[in-house]
Amino acid sequence: MVRSVGTMALVGLGKCCRSFGRDPSKVAFCGVWKPAGIEGCAGAKRHLLSEDVIKLQGFQQRKLAVAHLVTGSKGNYIELFTKRLQRNELIPREELKLLLHLCQTADDVLIARDAIHRYHTDNGNLMFGEFKFGPLFVRLCYELGLESLAAATLTDENMGGFFNDATSFNITIDMLFIKGSFEKALELLRTMRAQGIPFNKDTLTLAAGTCYKLNTADSYRICTALIEEGETKGNAVPRHAHCFAVALALRQNDIEKAQSLFSQIMITDSRLCQNLKVTILTMSGAVTDAVSLLSAALLPKSPAFVKKLDFSQEVVDLLRLRSEGGPHAMEVDQIITNLERAHQVTQQTLDGMLCHTPTGKRKPELNMTDRKTRRRNLKSLQSTLLSE
């Protein structure tokens, strides 16, 4: 039943992007984001997917290798391909792969899009095997900054069934997130759901991040429905997605829901989680608990190599604001002063912490045998360069 709620939430969403932080009811949380809050409430332009998912570097390396191997061919391959399209000729799979690796400009990508459309028209009822063109095409768009073209291609009704993988949608949503095109990102999420493409962990993080940026009643409903759907189905909802949902609940002044969502996070000792926890305690009126948490994080005698937990300036400013004129005002001022002296107060906003760039997994160093094998494999255009 929760699944239908998540589906209805996505399908029923209309245009919901509004100015952030202008609603007086949100002043409690967004109001303290002064000049940094302009970035926070309007949208820090960072991406949410790591290189492990985007795999742009590997794609660019293959493009360079392909370009090197085809150098010296008669005529311009892309121009020849254009003529083939004009003559309504069939598009072989391997040649389409080659075309996607040779595109260097936006005009080239438009030709590649038309070729993909022709290929799909001619082979719509055939299985493509394990190879998926979608990630290849959207990585090309990512490289050239063509997020609108990627989104339009993925939502083209004539391309139904061709982009049937979550990776293509995730990378495109990430591009839209970078440019602040959150409504378009949500449209892609609706398309995924309509086409029956399962949401993976990356999709949930992107969906929660998009809803957080929109910061409306509709996006809040969608975000909570998706989180609840994931929990009910037994799927592991990423901590990052949970944090976005908590922050959105705080922006919507739903303290009770923020507390409930935060309680579902298994490990809360991260910098982001601790900042969110202080914010929840502050907004719920539990000033003494917030002070206790800050005091526990203060490590005046710790060795220099021990990384200290730091707190956003806007978070401690909110605590100071909420305690003004109260019995704990002096205690709050003292603990904040101690944190500042210990260099445990940062100018990075909560939005900056939420919209961080994941580092991804580090690749191991190649030994000499691996390097020789890789160089040898690069000589084979069919076996390596044209496969994902």
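These numbers come from a predicted model, not from an experiment. Numbering starts at 1 and runs along the sequence shown.
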Verdict with reasoning, R93 to N123, per side chain to side chain contact (heavy atoms under 4.5 Å, CB included): CA-CA 10 Å; R93 187 179 78 165; N123 302 278; over 6 Å; no

So which heavy atom on [X] is nearest to which on [Y], and how close?
X: A67; Y: L102; answer: CA-CD2, 4.1 Å
X: Q344; Y: L309; answer: NE2-O, 2.7 Å
X: F177; Y: C355; answer: CZ-SG, 4.0 Å
X: D165; Y: P135; answer: OD2-CG, 3.4 Å
X: L56; Y: R139; answer: CD1-O, 3.8 Å
X: R320; Y: V332; answer: CA-CG1, 3.9 Å

Residue pair K97, E94: steps toward the salt bridge (charged side-chain N to carboxylate O under 4.0 Å, His left out) verdict: CA-CA 5 Å; K97 292 181 186 179; E94 298 305 316; 3.3 Å; yes

Calculate, to the nearest 0.5 Å, the distance between atoms [atom1] and [atom2] belonging to [X] and [Y] respectively.
X: F262; Y: I255; atom1: CZ; atom2: CD1; result: 13.5 Å
X: C223; Y: L248; atom1: SG; atom2: CG; result: 5.5 Å
X: E231; Y: I227; atom1: CD; atom2: CD1; result: 7.5 Å
X: H120; Y: I116; atom1: NE2; atom2: CD1; result: 11.0 Å
X: T155; Y: M192; atom1: OG1; atom2: CE; result: 13.0 Å
X: Q334; Y: L294; atom1: CD; atom2: CG; result: 12.5 Å

State, with a plain yes or no, whether a side-chain heavy atom of [X] is found less than 4.5 Å away from one of [Y].
X: L154; Y: M159; result: no
X: R193; Y: L226; result: yes
X: T167; Y: K132; result: no
X: D114; Y: T82; result: no
X: L276; Y: L250; result: yes
X: C141; Y: V109; result: yes
X: Q195; Y: N164; result: no
X: L144; Y: L149; result: no

L140 vs F59, side chain to side chain contact (heavy atoms under 4.5 Å, CB included): CA-CA, chis, key distance, verdict: CA-CA 8 Å; L140 179 60; F59 171 66; 3.9 Å; yes

Criterion side chain to side chain contact (heavy atoms under 4.5 Å, CB included) on K55 and R62, from CA distance to verdict: CA-CA 11 Å; K55 298 181 179 178; R62 288 193 296 275; over 6 Å; no

Kindly say whether [Y] contributes a backbone atom to a donor-acceptor pair with the side chain of [X] at under 3.5 angstrom?
X: S263; Y: S260; answer: yes
X: E314; Y: L350; answer: yes
X: S219; Y: C211; answer: yes
X: D254; Y: A249; answer: no
X: D333; Y: M330; answer: no
X: T172; Y: S168; answer: yes
X: S312; Y: Q348; answer: yes
X: N275; Y: D310; answer: yes
X: K201; Y: A241; answer: no
X: R239; Y: I267; answer: yes

Kindly work out whether a path of hydrophobic side-chain contacts (I/L/V/M/F/W/Y, heavy atoms less than 4.5 Å apart) joins [X] to [Y].
X: L110; Y: L99; answer: yes
X: L64; Y: I78; answer: no
X: L85; Y: F162; answer: yes

E147/K184 salt bridge by N-O under 4.0 Å criterion: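 Salt bridge flag = no for E147 with K184.
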
When you check the side-chain N and O atoms of [X] and [Y], is any donor under 3.5 Å from an acceptor?
X: D202; Y: T205; value: no
X: Q313; Y: D317; value: yes
X: R251; Y: Y220; value: no

T203 vs N200, side-chain hydrogen bond (donor to acceptor under 3.5 Å, both in side chains): CA-CA, chis, key distance, verdict: CA-CA 5 Å; T203 314; N200 60 22; 2.8 Å; yes

Parallel, tilted or perpendicular: rings of F244 and H240 (30°, 60°):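 Parallel: the ring planes of H240 and F244 meet at under 30°.
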
Plane angle bin for F137 and F163 - parallel if under 30°, tilted between 30 and 60°, otherwise perpendicular: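 Ring orientation, 0 to 90° scale: tilted.
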
L214 vs I222, side chain to side chain contact (heavy atoms under 4.5 Å, CB included): CA-CA, chis, key distance, verdict: CA-CA 11 Å; L214 287 170; I222 291 170; over 6 Å; no

Ring centers of F133, Y119 separated by less than 6.0 Å: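 Centroid separation for F133 and Y119: below 6.0 Å.
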
Heavy atoms of other groups near K257 NZ, more than 12 under 6.0 Å: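 Atom NZ in K257 is packed in, count exceeds 12.
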
Mind listing the side-chain donor-acceptor pairs of residues 283-292 below 3.5 Å, one per line with the distance, residues two or more places apart or on another chain?
| residue | atom | partner | partner atom | Å |
| --- | --- | --- | --- | --- |
| S284 | OG | I280 | O | 2.9 |
| S284 | OG | L281 | O | 3.0 |
| S292 | OG | T288 | O | 3.0 |

